Asker: 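Take a look at this one; I'll ask things after.
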Amino acid sequence: MKKEKIVLALVGATGLVGSTAIKVLEERELDISEYIFFSSKKSANSKIKFMGKEYIVKELNEENLLNNGITHAIFCAGGAVSEKFIPIAKENGIICIDNSSKFRMTEGVPLVVTRVNKEEILKNAGIIANPNCSTIQAMLPLNIIDKLFEIKRINVTSFQAASGAGLKGINGLKASIKGEENDAFS
């Protein structure tokens with residue numbers, strides 16, 4: 001039986017979340033036939049070292065998304081990018097994993113935490129959402145506790161890191177510390 005060729009695109013590869021996703025993909029050494037990295041026009045043509053190879057980052061646009069044989073895409077570029085490009089990708093048979101909040105509450109889009117409800121991945125219609133970082137971290141232990149004791153209610157307080165706003169958030173925090181204006185946080 002012939003192995004399925006998987007071509008994985010990472011959208012937002014030069015951003016904070018995308019660069020972390022690259023590290024995780026490298027650690028996992030998945031059975032992927034080919035990787036393609038996308039960024040905004042501003043970061044396009046930059047180079048990424050990944051699994052011993054150098055890749056040139058492509059500009060994310062409809063032509064590049066649809067003309068590279070992509071079968072799967074991980075979107076790490078924010079809600080506006082996901083909103084614009086995921087429907088295009090989905091309509092063209094690309095299975096999309098969205099890291100933004102755009103599709104988290106959309107009917108028919110499974111919200112998946114791998115070690116909690118990975119079977120939901122198979123129920124996708126071209127889009128798979130993942131919860132935000134605080135939720136993901138809490139789900140594994142809460143899932144175990146719920147199975148043992150049936151949780152009735154949880155009160156949660158979440159303190160978000162400046163890095164949650166990406167590079168813009170980190171730079172905004174640095175500017176704030178210096179007493180300078182920034183466009184990340186008021």
Side-chain angles (χ1 to χ4, degrees), residues 6-25 28 30 36-40 60-62 64-66 70-170 172-173 183-186:
I6 298 175
V7 178
L8 178 65
L10 180 64
V11 176
T14 59
L16 190 63
V17 176
S19 61
T20 301
I22 287 171
K23 289 176 187 171
V24 172
L25 288 169
R28 298 291 175 155
L30 301 171
I36 298 172
F37 300 100
F38 287 110
S39 70
S40 65
L60 177 63
N61 57 44
E62 188 171 340
N64 283 339
L65 185 63
L66 299 180
I70 298 166
T71 59
H72 297 75
I74 300 173
F75 281 76
C76 299
V81 172
S82 292
E83 182 175 31
K84 181 176 180 179
F85 288 101
I86 286 179
I88 295 167
K90 177 186 171 220
E91 287 301 314
N92 286 277
I94 299 170
I95 297 173
C96 301
I97 300 170
D98 186 29
N99 193 39
S100 79
S101 61
K102 181 62 192 157
F103 295 98
R104 285 183 184 150
M105 301 301 289
T106 302
E107 178 124 5
V109 175
L111 186 63
V112 177
V113 177
T114 307
R115 291 187 179 157
V116 174
N117 66 338
K118 68 182 176 188
E119 67 281 353
E120 294 296 313
I121 290 172
L122 300 175
K123 297 177 185 174
N124 82 80
I127 305 172
I128 301 163
N130 65 275
N132 77 4
C133 52
S134 300
T135 303
I136 288 172
Q137 292 180 43
M139 287 300 92
L140 185 57
L142 289 175
N143 183 49
I144 294 167
I145 293 167
D146 186 53
K147 285 178 180 174
L148 294 171
F149 303 106
E150 294 186 40
I151 296 172
K152 301 286 186 244
R153 184 177 78 196
I154 298 171
N155 295 316
V156 177
T157 300
S158 172
F159 295 88
Q160 298 294 312
S163 61
L167 290 173
K168 184 178 180 180
I170 291 172
L173 176 61
D183 54 352
F185 308 109
S186 56

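Position 1 is the first residue of the sequence; numbering continues from there. Just so we're clear, the structure is a prediction, and the values are computed from it rather than from any experiment.
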Asker: List the atom of Thr114, the atom of Lys118, and the distance in Å for their closest heavy-atom pair.
Answerer: O-CB, 3.0 Å

Asker: Run the side-chain contact (heavy atoms from CB on, under 4.5 Å) test on Ile151 and Leu142 for me, step by step, so that the C-alpha distance in whole Å, both residues' side-chain angles and the decisive distance to 0.1 Å come before the verdict.
Answerer: CA-CA 8 Å; Ile151 296 172; Leu142 289 175; 3.9 Å; yes

Asker: Show me the side-chain donor-acceptor pairs of residues 71-89 shorter than 3.5 Å, one per line, residues at least two apart or across chains.
Answerer:
residue : atom : partner : partner atom : Å
Thr71   : OG1  : Val7    : N            : 2.9
Thr71   : OG1  : Val7    : O            : 3.2
Ser82   : OG   : Gly78   : O            : 3.3
Ser82   : OG   : Asp98   : OD1          : 2.5
Ser82   : OG   : Ser100  : OG           : 3.4
Glu83   : OE2  : Lys102  : NZ           : 3.3

Asker: Let me know which of Thr14, Ile70, Asn61 forms a side chain to side chain contact (heavy atoms under 4.5 Å, CB included) with Phe38.
Answerer: Ile70

Asker: Only one of Asn124, Ile127, Ile95 clears side chain to side chain contact (heavy atoms under 4.5 Å, CB included) with Lys90; which?
Answerer: Ile127

Asker: Identify the heavy atoms of Pro131 and Val113 that sit nearest to each other, and give their distance.
Answerer: CG-CG2, 3.6 Å

Asker: What closest approach, in Å, do Asn130 and Asn99 show between heavy atoms, and which atom pair accounts for it?
Answerer: ND2-OD1, 2.9 Å

Asker: About how many Å separate CG of Leu30 and CG of Leu8, when rounded to the nearest 0.5 Å?
Answerer: 8.0 Å

Asker: Listing request: all salt bridge (charged side-chain N to carboxylate O under 4.0 Å, His left out) pairs with a residue in residues 121-142, at least two apart in sequence or in separate chains.
Answerer: Glu120-Lys123

Asker: What residues, two or more places apart in sequence or in another chain, satisfy salt bridge (charged side-chain N to carboxylate O under 4.0 Å, His left out) together with Lys152?
Answerer: Glu150

Asker: Check whether any side-chain heavy atom of Asn143 sits under 4.5 Å from a side-chain heavy atom of Arg115, and report yes or no.
Answerer: no

Asker: CE of Met139 to OG of Ser134: how many Å apart, nearest 0.5 Å?
Answerer: 10.5 Å

